[in-house]
Structures are given as structure tokens and as C-alpha cells.
Amino acid sequence: METRDRTPNEKTGEAPVDFIREIIAEDNRTAKHQGRVATRFPPEPNGYLHIGHAKAICLNFSVAVENRGTCNLRFDDTNPTKEETEYVDAIQEDIRWLGFDWEDRLYYASDYFERLYEYAVQLIQQGDAYVCSLTPDQIREYRGTLTEKGRESPYRTRTVEENLDLFGRMRAGEFEDGAHVLRAKIDMGSPNLNMRDPTIYRIRRAHHHRTGEAWCIYPMYDFTHCLSDSIERITHSLCSLEFEDHRPLYDWFLDRLDVFHPQQIEFARLNLNYTVLSKRKLRQLVTEKHVSGWDDPRMPTLRGLRRRGYTPETIRRFCDRIGVAKRDSVVDIELLEHALREDLNRTSPRAMGVLRPVRLVIENYPEDQVEEMELVNNPEDPAAGTRMVPFSRVLYIERDDFRVDPPKKFFRLAPGREVRLRAAYLVTCTGFTQDEATGEVTEIRCTYDPATRGGSPPDGRRVKGTLHWISARHAVEAEVRLYDRLFAAENPNKGDDFLAHLNPRSLEVLEGCYVEPGLANVSPGDRFQFERLGYFCVDPDVRAGRPVFNRSVTLRDTWAKIEKGKKG
RNA sequence: UGGGGUGUCGUCCAGUGGCAGGACACAUGACUCUGGAUCAUGGAACCGGGGUUCGAAUCCCUGCACCCCAGCCA
């Protein structure tokens, strides 16, 4: 695994550690667990993993690796009505893609159902749990409110024998769904609602993705999670902030049962601006078809990011950079984009692609001549070598690269102006034709200077603009999908309708784009930097002979900024 | 009005009694056959009010703001 790059500490020169790594280091120092470090990533298989999960995955797995410890993958599958094998497969695939390995430590909370049942029996025997026959509404009513204490259930005083009998019959399927629940007997007067006799088992006749119909009672999260951690001898159980209130309960079960006691530590989950990360909202985007699926390149899911062209390295590096702390925060999406550019700049081969083509005719270039121009594949990586690209009399250039009436600081092509065609020749614009009705430029004409082959004028004259181009005769047609952020509002969660903030221009599909002939036979997942435009990734949707590219992210664009600034 | 948390540049993260630092973003300049990359420079913050101390982001007191909790979800 690559070295971490967290902010260096001035005094020690070492990467500072977050508060969790600090706690673990201290536990190692005091040999709390004989120096053993065991973490786990515990997803519920009821949805696809997203960038927020990546933060937790990176934390749990990295902390384990750094301490020569282990990180288990455990599916928290205690609610059969919501969980499906489709998700357990997808989750494993995504974690592997991210680059983490749980080796043979794949577990399911449902593996522990029998032991959990025995623990529940023990609780009953100790007088720490009872079967409650209140209805859900009554339970809620008895629970009290944030400011008022709760009242004890009339069933709270059932004898151990009666509870044992009832609980056994719950398991045996003698009761209707919802007729009874098993509750921990703690304190209805606790200011912490979680301690007001929480439900630990409910009757629910539903097909479970692993245990099938074997059970009709299922344990609740609070009971299951701490004991699963204990069974796996997890040393540090990392979870998000909203479980802070649950920690006393986590500890209570382990103390009452007198079993191995992991430490729960909470950290702030990731929030990203211009993004929603709640499973409910992501699901809604999919089911209501605001996106094409869980892997739509605009989705913050790992599958979406992958299809967009993100690399595992980018995501891991991003997670390293955002750090781990307890305060709620909203990370700027630009930091993610920066991580992507940084990675792709280093690794992506360059290519030329003209997205919105306009014909450029070189009047003094021989009609049938073709020259092969040598282009550098990656200036950041000399080992990537060079390639030959055909050049001829009729080319396509980017519509944006020509202006009839150029604004200040525009140093691309315009009537009378000279620019460089990348790695080819210097050309001077001699004229253009326009559509009479629309005013749209239909063709640009120019002459070239044969002495500038390769792009370097022998007289050393400076040319400010360099344009990318595609030889019309050799052009490969492509579809290009221009993606932008899915939401137009910085915080789409604000207000009661996040869909109202959808960015209407989050996807623009361009047909009739042209790319270098070398890109005729690309494969899904191949990444390129289209010079001067951005990073692009080949989509799985390739149709016969016509590649489809997704724009992962644009290049930083100083000119766009200048233009935008003028208008604003 | 109960309980649990959190407040440091625009954003994220450090700093744990001794010059408030890094990254992203922003701005300026250098360089450049990608208006990319790279390099240099700059502006920019300790929630408020008291107190302790030679010295406070850090310790104490007191306000304030924000987040989470009333599933038989996780």
C-alpha cells in the first residue's frame, strides 16, 4: 500500500494521526489487547456502496494494515425484509475493486443467529430481558419523549420461566408477527432513549437471504452488532456519529453477558457538497429514473464513480486527505476532482478528440498528401513514448477554438490570426463561411507554413495558441457523454425536495465527435486525456465500431474562468 | 424543556500552555507546442464574554450556535 500523505507534522516531520489511530496506538502501548488490532467493515446488504462507505472502508482496512492487524467484512443482515444477495455480491466486488482484502474473513451476522439466541436466553435467565406484548404503538407511547421519562411495560414483571417459555414459542413460530417482542430490561427513566428497554428481538416471517425460513424471529441491530463484534474479537469497532447514543447500550449487553468487550469509537461520516449520499435518496434517483442506474456515472456510488472513470487509487487518496474527525463537515467536491486529475494526469495517455467539430481547410496543402505527425503520449511519463497521427488538408477543429470576432485575451484562431496545430504546422486563418440563416460558421479556411512542420517555427516566432485537430479523412466517429455534477445546489439536502435541485445539465450527449484513428478499437474502462479538454473513459456501451467516451472530469480551464468572470 | 456530540482560513484536516500550519479553492507571477502539468508568491481562521497564567486555540467559568436521538431500521 502506498505511503500515506496526511499533513506532515512540523515538529516530528511525521504524518499526524487522527484521533482513532491515536487511541489504537495508545492501546498498543499499554498492551490492552496484547497489541492485537482487529476491525471490521459491517455493511447492511440493502444497497450499493458509495463514496461515504469508501471512507469507512479505507479507515477500517488501513488501520488494520498499519497495525499488522485484520479487518473483517461482515454483513449486518438482521432485517430480512430489506436485504438481498444482489447487494452482498455487489458490495464484495466494490470493496475488492477499491483494493482491500478480507482474505478468508467474510462473515454474516446471520451466522451468529443461534449464538445470539442463546445470549438472549441468558439475558432472560439473568432477569435482564423480558417478553413484552405491547403493540408497537403502545411501546412508543410507553417510551416517553425526549423530555419525559418512559413508563414500565406491564409485562416487565413476567417471571423468568414465563419469559423463557414465551421466547421459545416466539422462535417456534407460535405467534403472529408483532404479537410479542423481547426487550432488554434496563431503565425506562433513562434520559437516553436507547436505554428505555430497547427491543432486541422481533417476530418477522420473511425469507432471509441466507437462513431462508429457518427463523421467524430476528435480532435487532444493537443486540447483534456488539455481540458480533465480540464473537469476532474485534478490538476497535468504528462507526459513525449517530451511534454515540447507542454506545451505553453496546457496552451494557457486553457487560451483562460478560463477554469479550470491543471498544466502539465514533467518527463523522463523509458529506460532499453537490451530492446526496443517503441510501434512500440514491435509491429514489434510480427507481424514478433520474439516472440510468446505480452505476450511472453521475452517481456517487463506487460503481458510478468507476464507470465515470475514477480509479481506486484516486478514491483511496481522497479518503486519506479528508482525514477522520468527529465534527460534521462537508467536503468540497473539488477535492475529489482534484484527486482524480492528479492521478489521471500522471497515468493517462493523451489523445486528440474534437467534440464539436468544424471543418478547417488548409488551402495551400496538397490535396492528396498525408503526413504522419509524432505526438507525445504522456508528457508526465517519458516511458509512455510517442505515436503517429495522420495529418491532411481537411481537418476538424473545435468550434470553440475559432471566433469571428475574438474577445480580448482570446488567443486561438480568428480571421488573420496564426495558431499552431498541435505537433503539426502553424496555420493562418484566411477566411470562413457561415450559414446565412443561423450565422453558424460552416468552414474555416487557412494557409499553413511548410517550414513549421512539427509545430516549431524556424524563426522562433511566438504563437500563443495551440489547437488540437483531427484529420477528416482519418477521423473515427465517437459518442461523448459530458457529465457534470448531478445537483446544481451546493446542499441538495436542504429543503423538502432534493430532486428540485437536480442539475438539468448534468448530462450532455454529443454525437458525431471525432477522435484519432488510434482510438478506433478501445475497450471499456480505457482512460485518455483528450488534450485541452479533460479526462475521458470508455463506457461499456460501445456500439459496433463506434466508441463511447464518458468525461470523467475536465482539465482545469483558465480560459473558461476568464470568460466566465467577464460575464459575471 | 432531557440526553449525547461538535465549534480553528471559503472548505477539509493539524496544532493538546510558547511564532496558528498543510491540502483544496482563490489571486498574482514564471515556464510551457495542452489556457493542462510544474514552480514561486500572496490574501485568508482560533464561536462570544469573562477568568487563570509571564504566556491560552489549548486550562477554568459562562453564554451562543450547529448536529444526532422518541423504528418491532441499520
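Quick note on labels: first sequence line is chain A, next is B, and so on, each numbered from 1.
Among the heavy atoms of the strands, none lies under 4.0 Å from Tyr218(A). Using a 4.0 Å heavy-atom criterion, one finds that Leu193(A) contacts the bases of the nucleic acid, with or without backbone contacts as well. Contact annotation for Thr224(A): no contact, since no heavy-atom pair falls under 4.0 Å across all strands. Within the nucleic acid shown, Arg420(A) comes within 4.0 Å of at least one base atom, counting heavy atoms only. Across all strands shown, His246(A) has heavy atoms under 4.0 Å from base atoms, whether or not it also approaches the sugar-phosphate. Nucleic acid contact for Gln529(A): base, since at least one base atom lies under 4.0 Å from a heavy atom of the residue. Heavy atoms of Thr199(A) sit under 4.0 angstrom from primed sugar atoms or phosphate atoms, though from no base atom. Residue Val324(A) is in sugar-phosphate contact alone, with no base atom involved, counting any heavy-atom pair closer than 4.0 Å across all strands shown. At a threshold of 4.0 angstrom between heavy atoms, the contacts of Tyr535(A) with the nucleic acid are absent. When heavy atoms are screened at a 4.0 angstrom cut-off, Arg204(A) is found touching the sugar-phosphate backbone but no base atom. Within the nucleic acid shown, Val463(A) has no heavy atom closer than 4.0 Å to any nucleic acid atom. Among the heavy atoms of the strands, none lies under 4.0 Å from Leu533(A).
Checked against the 6.0 Å centroid threshold, Phe253(A) and Phe223(A) count as a close aromatic pair. For Tyr117(A) and Phe167(A), the gap between ring centers is short of 6.0 Å. Close placement of the Phe536(A) and Phe530(A) rings is indicated, their centers lying within 6.0 Å of each other.
For rU11(B), its base never sits under 3.5 Å from the side chain of Glu334(A) at any donor and acceptor pair. A donor and an acceptor atom sit less than 3.5 Å apart, one in the side chain of Asp245(A) and one in the base of rG3(B). Between the side chain of Glu380(A) and the base of rG36(B), at least one donor-acceptor pair of N or O atoms lies under 3.5 Å. Side-chain atoms of Arg327(A) stay outside donor-acceptor range of the base of rG5(B), with no qualifying N/O pair under 3.5 Å.
Atoms OH (Tyr250(A)) and P (rG4(B)) sit 21 Å apart, rounded to a whole Å. Put simply, NZ on Lys464(A) is 13 Å from C1' on rU34(B), counting in whole angstrom units. Going from atom CZ of Arg196(A) over to atom P of rG2(B) covers 13 Å, rounded to whole Å. Rounded to whole angstrom, the span from the CG atom of Leu146(A) across to the C1' atom of rG5(B) amounts to 15 Å. The distance from atom CD of Glu242(A) to atom P of rA70(B) is 11 Å, rounded to the nearest whole Å. One atom, CG of Asp328(A), and another, P of rC13(B), lie 10 Å apart when rounded to the nearest Å. In this structure, the CD atom of Glu337(A) is 17 Å from the P atom of rC12(B), given to the nearest Å. Separating the CG atom of Asn273(A) from the C1' atom of rC24(B) is a distance of 11 Å, rounded to the nearest angstrom.
Atom P of rA57(B) sits at a distance of 14 Å from the matching atom of rC9(B), rounded to the whole Å. With both ends at atom P, the span from rG10(B) to rC26(B) equals 15 Å, rounded to whole Å. For rA56(B) and rU16(B), the C1' atoms lie 12 Å apart once the distance is rounded to whole Å. Nucleotides rA20(B) and rC60(B) have their C1' atoms positioned 22 Å apart, rounded to a whole Å. Between rU58(B) and rU41(B), the distance separating the two P atoms is 31 Å to the nearest Å.
Using N1 to N3 plus N6-O4 or O6-N4 for Watson-Crick, or N1-O2 and O6-N3 for G-U wobble, each under 3.5 Å, rG63(B) pairs with rC47(B). Across all strands shown, rA40(B) forms a Watson-Crick or G-U wobble pair, both distances under 3.5 Å, with rU28(B). rU52(B) is unpaired under the Watson-Crick or G-U wobble criterion, no partner having all donor-acceptor distances under 3.5 Å. In this structure rG2(B) sits in a base pair with rC69(B), meeting the Watson-Crick or G-U test at under 3.5 Å.
For the pair Arg183(A) and Tyr130(A), the cation-pi criterion (under 6.0 Å, within 45° of the ring axis) is not fulfilled.
When distances are taken from the side chain of Met220(A) to each of rG35(B), rC12(B), rA74(B), the shortest belongs to rA74(B). Checking rA70(B), rG35(B), rC73(B) against every side-chain atom of Arg202(A), the shortest atom distance belongs to rC73(B). Listed candidates were rC72(B), rC12(B), rG4(B). Nearest to the side chain of Glu244(A) is rG4(B). Distances from the side chain of Lys409(A) to the nucleotides rG3(B), rA23(B), rG35(B) place rG35(B) closest. Listed nucleotides: rG36(B), rA14(B), rG35(B). Nearest to the side chain of Phe411(A): rG35(B). Checked against rG35(B), rC12(B), rG5(B), the side chain of Ser329(A) finds its nearest nucleotide in rC12(B). Side-chain atoms of Val181(A) lie closest to rC72(B) of the nucleotides rC72(B), rA74(B), rG35(B). Distances were taken from every side-chain heavy atom of Lys326(A) (C-beta onward) to each of rU6(B), rG36(B), rG35(B); the shortest belongs to rU6(B). When each of rG36(B), rG35(B), rG2(B) is scored by its nearest atom to the side-chain atoms of Asn345(A), the top-ranked nucleotide is rG36(B).
Side-chain contact check for Tyr535(A) and Gln529(A): at least one donor-acceptor pair (N or O, by modelled atom type) lies under 3.5 Å. Between Tyr310(A) and Glu337(A), the side chains place no donor N or O within less than 3.5 Å of an acceptor N or O (distance only, hydrogens not considered). Between the side chains of Asn46(A) and Glu44(A), at least one donor N or O lies within less than 3.5 Å of an accepting N or O.
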Worksheet item: Between Glu266(A) and Arg247(A), does a side-chain contact (heavy atoms from CB on, under 4.5 Å) hold up when you go through it step by step?
Response: CA-CA 9 Å; Glu266(A) 311 84 12; Arg247(A) 189 174 354 113; 2.6 Å; yes
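The side chain of Lys561(A) contributes an N or O atom lying less than 4.0 Å from OP1 or OP2 of rC26(B). Dashed line: the shortest gap from a side-chain N or O of Arg556(A) to OP1 or OP2 of rC26(B) is under 4.0 Å. The phosphate of rU34(B) (OP1 or OP2) has no side-chain N or O of His468(A) nearer than 4.0 angstrom. The phosphate of rG71(B) has OP1 or OP2 within less than 4.0 Å of a side-chain N or O from Arg140(A). The side chain of Ser190(A) contributes no N or O atom lying less than 4.0 Å from OP1 or OP2 of rG3(B).
An anti base is found at rG15(B): its glycosidic angle is more than 90° from 0.
Residues Arg453(A) and Ala179(A) each lie close to RNA chain B; by heavy-atom proximity, the contact nearer the 5' end of the strand is made by Arg453(A). Toward the 5′ end of RNA chain B lies the nearest nucleotide of Arg462(A), the other residue of the pair Lys82(A) and Arg462(A) mapping further downstream.
Here the side chains of Ile397(A) and His468(A) are not in contact, with every heavy-atom distance at 4.5 Å or above.
Side-chain N or O atoms of Asp343(A) include none that pairs as donor or acceptor with a backbone N or O of Thr311(A) at under 3.5 Å.
Here Tyr221(A) does not count as stacked on rA74(B), because the ring centres are not under 5.5 angstrom apart with planes under 30°.
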